Amino acid sequence: MTSETQSIHNRSLPSWPKWMSLIKGHAELIAALLSGLLVLIAWMGESFFAPSTYVTLHIIAFVIGGFAKAKEGLEETVKEKELNVELLMILAAIGSASIGYWTEGAILIFIFALSGALETYTMNKSQKELSSLMSLQPEEALKVTEEGYETTSVASLQISDLILVKPGERVPADGVITKGETSIDESAITGESVPVTKGSSKEVFAGTVNLNGSIVVEVTKKSNETLFQKIITMVQSAQSEKTPSQLFIERFESTYVKVVLLVVGVMLFLPHLLFGWSWMDTIYRAMILLVVASPCALVASIMPATLSAISNGARNGLLFKGGVHLENLAHLQAIAFDKTGTLTKGKPEVTDAVYAEGEDEKSVLSVAASIEQQSNHPLARAIVDFAHQANVPLLDIDDMKDVSGNGVSATFNEENWKIGKADFVGKQQAAAFQNGLAEELQKEGKTVIFVQRNESIAAIFALKDTVRKETKQAIKTLKKRGVYTIMLTGDNPTTANAIAKEAGVDHYIAELLPEEKVKELKTLKEHFEQVGMVGDGINDAPALATANVGIAMGEGTDVALETADVVLMKNDLPRISQAIHLSTRMNRIVKQNVVFSISVIMLLIISNFLQVLDLPLGVIGHEGSTILVILNGLRLLKS
């Protein structure tokens with residue numbers, strides 16, 4: 001083997017596990033399709049095959065298509081000690097074959113297996129993975145000891161232990177700063193994009209990022225009790241809860257199967273004893289009942305309509321992770337919104353630039369942006385972006401200094417520059433600038449940055465996480481539908497109030513931690529039967545999981561996307577109203593299908609008792625109703 005051939009061979013090897021994994025992940029769907037193919041071959045070749053071959057093909061189709069559902073039905077029966085629809089379907093197919101109608105029985109198996117495979121596939125897509133969230137929890141910490149520093153596992157940390165957190169590292173445990181000052185990126189906890197300056201005695205949380213200063217933290221909670229760990233636990237807890245509709249379906253399924261089997265059992269002998277039917281007619285009628293009473297059409301009433309609606313949504317930037325979530329959307333009475341990254345763009349922008357009288361605006365902006373471009377702070381980046389938009393050139397600054405928690409300083413053309421908060425440039429001077437303009441801007445929910453040259457303030461920049469253009473339209477449309485809207489945010493009340501007024505939401509609650517957002521969601525659920533939550537950050541994951549329907553922004557964090565039930569792929573909030581409309585259409589069609597399928601089943605059962613229905617006609621009626629409800633459901637493919 002040449003080296004080139006060997007290289008190609010080696011590159012091809014990793015593809016095998018991937019293909020095997022793909023086949024394994026879709027085994028149920030492949031088995032259902034293969035079963036259908038065998039039924040089709042047997043039906044088309046009936047006049048050509050020998051009777052033994054014809055029967056063998058159907059038996060293989062029975063085994064391949066029915067194995068997964070039969071296994072599932074038996075295991076669930078043993079575990080729950082309750083009969084289920086899977087067993088009824090298998091018995092109906094076997095009953096059909098036992099009186100010579102192999103194709104009819106195999107078709108029942110195929111349709112039921114296919115619907116089950118598609119349902120399994122859909123449910124797998126909606127699994128909530130927490131791997132991305134878990135990866136943000138540091139595994140090691142630098143413990144402060146009498147001898148120096150010791151690397152230890154986070155799990156071994158005890159309350160009152162001291163740990164050193166360097167710039168750029170994630171905080172390993174909840175605690176209180178005992179030494180040092182820094183800016184903390186708490187977006188993993190609060191969802192807010194603007195870092196928070198923290199010094200001695202201030203609380204820090206595991207999973208947050210220390211941006212620019214070394215700090216010593218005294219541990220106040222063990223690793224399994226941190227706020228970050230609570231987020232994980234709350235998501236898992238909310239995911240494990242069964243919805244009322246699921247519980248109702250399970251109860252209905254068990255009762256339905258028991259009634260059908262009881263009636264079929266009675267039909268095996270009672271007509272012979274009461275009406276003088278022959279034993280052959282009695283058994284024949286019992287088998288027809290078993291076939292026509294099978295819930296194939298009832299099952300098909302929901303799944304094709306659901307999948308059609310899901311496909312429709314996907315084409316329009318809406319990702320639904322399961323039919324139950326799509327169904328619940330139509331019933332939403334209230335929707336809670338996260339602020340940052342959901343109602344707003346998720347990053348600060350310069351909204352106001354005010355310069356001192358006599359200052360050259362472009363010159364001041366050029367120097368300020370040139371200094372800020374050497375900082376990685378989100379506010380600094382916003383000022384640099386503002387300069388780019390104004391086509392202001394940036395200069396070379398050599399001696400910029402980052403003053404932790406306050407701002408930056410630099411010398412340019414023998415002039416001393418400071419950029420940062422009011423305390424950094426002089427609180428009184430900052431308050432007096434332009435007759436207290438900074439205070440007015442802060443009341444509007446804006447963050448004010450001061451630019452000082454030598455001893456006088458040259459300019460101030462007001463920054464704000466701006467509301468998305470489409471937010472107002474989305475909120476307005478939801479209100480027209482009678483949906484109550486509320487904003488839940490970890491931001492301060494002043495900023496929250498300003499954003500809430502601009503967005504047009506009915507109410508807002510500020511300064512919320514993730515667990516408090518969950519508490520507010522539960523309070524909403526006490527007042528409204530169906531509550532939705534829209535968010536994009538890690539901190540929103542517990543609330544997304546707690547809500548009846550969790551909706552994530554497509555550009556949000558992996559954890560939010562995995563936890564949510566619905567994803568707005570294009571970050572387009574007005575799509576929520578479109579999703580509700582699609583849900584309403586789907587529910588209407590599902591109701592039509594259910595009523596129609598039950599009516600047909602009842603008609604066929606009554607006809608069977610009156611002895612005016614034979615098995616072929618019963619199968620035609622049964623399968624015909626199935627086809628009709630599927631076609632009705634496929635109407636949802638159209639927008």
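Computed from a predicted structure; not experimentally measured.
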- Message: Please check this pair: side chain of Gln530 against backbone of Gln333, looking for a donor-acceptor N/O pair closer than 3.5 Å.
- Response: no

- Short question: side chain of Asp185, backbone of Pro195 - any donor-acceptor pair under 3.5 Å? no

- Message: Salt bridge or not between Lys517 and Asp540? Use side-chain N to carboxylate O under 4.0 Å.
- Response: yes

- Drop me the distance from Asp536's CG to Thr344's OG1, to the nearest 0.5 angstrom. 8.0 Å

- Message: Determine whether a donor-acceptor pair (N or O, by modelled atom type, separation under 3.5 Å) exists between the side chain of Asp506 and the backbone of Thr485.
- Response: yes

- Look at the side chain of Thr523 and the backbone N and O of Lys519, then say whether any donor-acceptor pair between them is shorter than 3.5 Å. yes

- Message: Donor-acceptor pair, distance only, cut-off 3.5 Å: does the side chain of Arg170 make one with the backbone of Pro138?
- Response: no

- After noting the C-alpha distance and the side-chain angles of Leu441 and Glu444, does the key distance pass the side chain to side chain contact (heavy atoms under 4.5 Å, CB included) rule? CA-CA 5 Å; Leu441 292 172; Glu444 297 175 10; 4.2 Å; yes

- Query: Do Glu349 and Lys345 meet the salt-bridge criterion of a basic N to acidic O distance under 4.0 Å?
  - Reply: yes

- Message: Between the side chains of Lys446 and Asp352, is the shortest nitrogen-to-carboxylate-oxygen separation below 4.0 Å, so that they form an ion pair?
- Response: yes

- Note on the structure: Scanning both residues in full, the closest heavy-atom pair of Gly407 with Asp402 reads O-OD1, 3.4 Å

- Message: For the backbone of Ala510 and the side chain of Thr489, can you confirm whether one donor and one acceptor N or O come within less than 3.5 Å of each other?
- Response: no

- Message: For Lys479, is the NZ atom crowded, meaning more than 12 foreign heavy atoms sit under 6.0 Å from it?
- Response: yes

- Message: Is the distance between the ring centroids of Phe424 and Phe450 under 6.0 Å?
- Response: no

- Message: Ignoring hydrogens, what is the shortest heavy-atom contact between Asn210 and Val165? Give both atom names and the distance.
- Response: ND2-O, 3.0 Å

- Report the relative orientation of the aromatic rings in Phe461 and Tyr355; use parallel for angles under 30°, tilted for 30 to 60°, perpendicular for over 60°. perpendicular

- Message: Does Gln452 form a side chain to side chain contact (heavy atoms under 4.5 Å, CB included) with Ile419? I'd like the steps, not just the answer.
- Response: CA-CA 6 Å; Gln452 184 185 67; Ile419 305 174; over 6 Å; no

- Do any N or O atoms from the side chain of Asn212 and from the backbone of Thr182 form a donor-acceptor pair under 3.5 angstrom? no

- Message: Quick one: does any side-chain atom of Ser597 pair with a main-chain N or O of Val594 as donor and acceptor, under 3.5 Å?
- Response: yes

- Does the pair Lys202 and Glu181 meet the rule for a salt bridge (charged side-chain N to carboxylate O under 4.0 Å, His left out), with working shown? CA-CA 9 Å; Lys202 294 294 184 180; Glu181 185 175 332; over 6 Å; no

- Query: Any donor-acceptor pair under 3.5 Å linking the side chain of Thr208 with the backbone of Phe205?
  - Reply: yes

- Query: Out of curiosity, Ser370 OG to Met400 CE, how far, rounded to the nearest 0.5 Å?
  - Reply: 11.5 Å

- Task: Locate the shortest heavy-atom distance separating Glu529 from Asn548; write the atom from each residue and the value.
- Result: O-OD1, 3.6 Å

- Message: For Ile184, is there any backbone N or O sitting under 3.5 Å from a side-chain donor or acceptor partner on Lys198?
- Response: no

- Message: Between Asn632 and Asn593, is there a side-chain donor-acceptor contact under 3.5 Å, judged purely by atom types and distance?
- Response: yes

- Please walk me through it: do Lys339 and Asp465 pass side chain to side chain contact (heavy atoms under 4.5 Å, CB included)? CA-CA 9 Å; Lys339 178 182 75 69; Asp465 185 7; 4.0 Å; yes

- Distance-minimising heavy-atom pair for Leu394 and Ala369: CD2-CB, 3.5 Å

- Consider only side-chain N and O atoms of Arg481 and Ser577, and report whether a donor and an acceptor are under 3.5 Å apart. yes

- Looking only at heavy atoms, the pair that brings Leu379 and Thr447 closest together is CD1-CG2, 3.9 Å

- Does the pair Glu502/Lys464 count as a salt bridge with the N-to-O cut at 4.0 Å? yes

- Message: If you count every heavy atom of other residues, nucleotides or ligands that lies below 6.0 Å from Glu439 atom CD, does the total exceed 12?
- Response: no

- Note on the structure: In terms of heavy-atom contacts, Thr471 and Leu343 come closest through OG1-O, 2.8 Å

- Message: With side chain to side chain contact (heavy atoms under 4.5 Å, CB included) as the criterion, how do Ile486 and Glu520 come out once you've worked through the C-alpha distance, each side chain's angles and the decisive distance to 0.1 Å?
- Response: CA-CA 10 Å; Ile486 181 172; Glu520 294 298 336; 5.7 Å; no

- Message: Looking at Glu139, I'd like to know if its CD atom is crowded, meaning that more than 12 non-hydrogen atoms belonging to other residues, nucleotides or ligands lie closer than 6.0 Å.
- Response: no

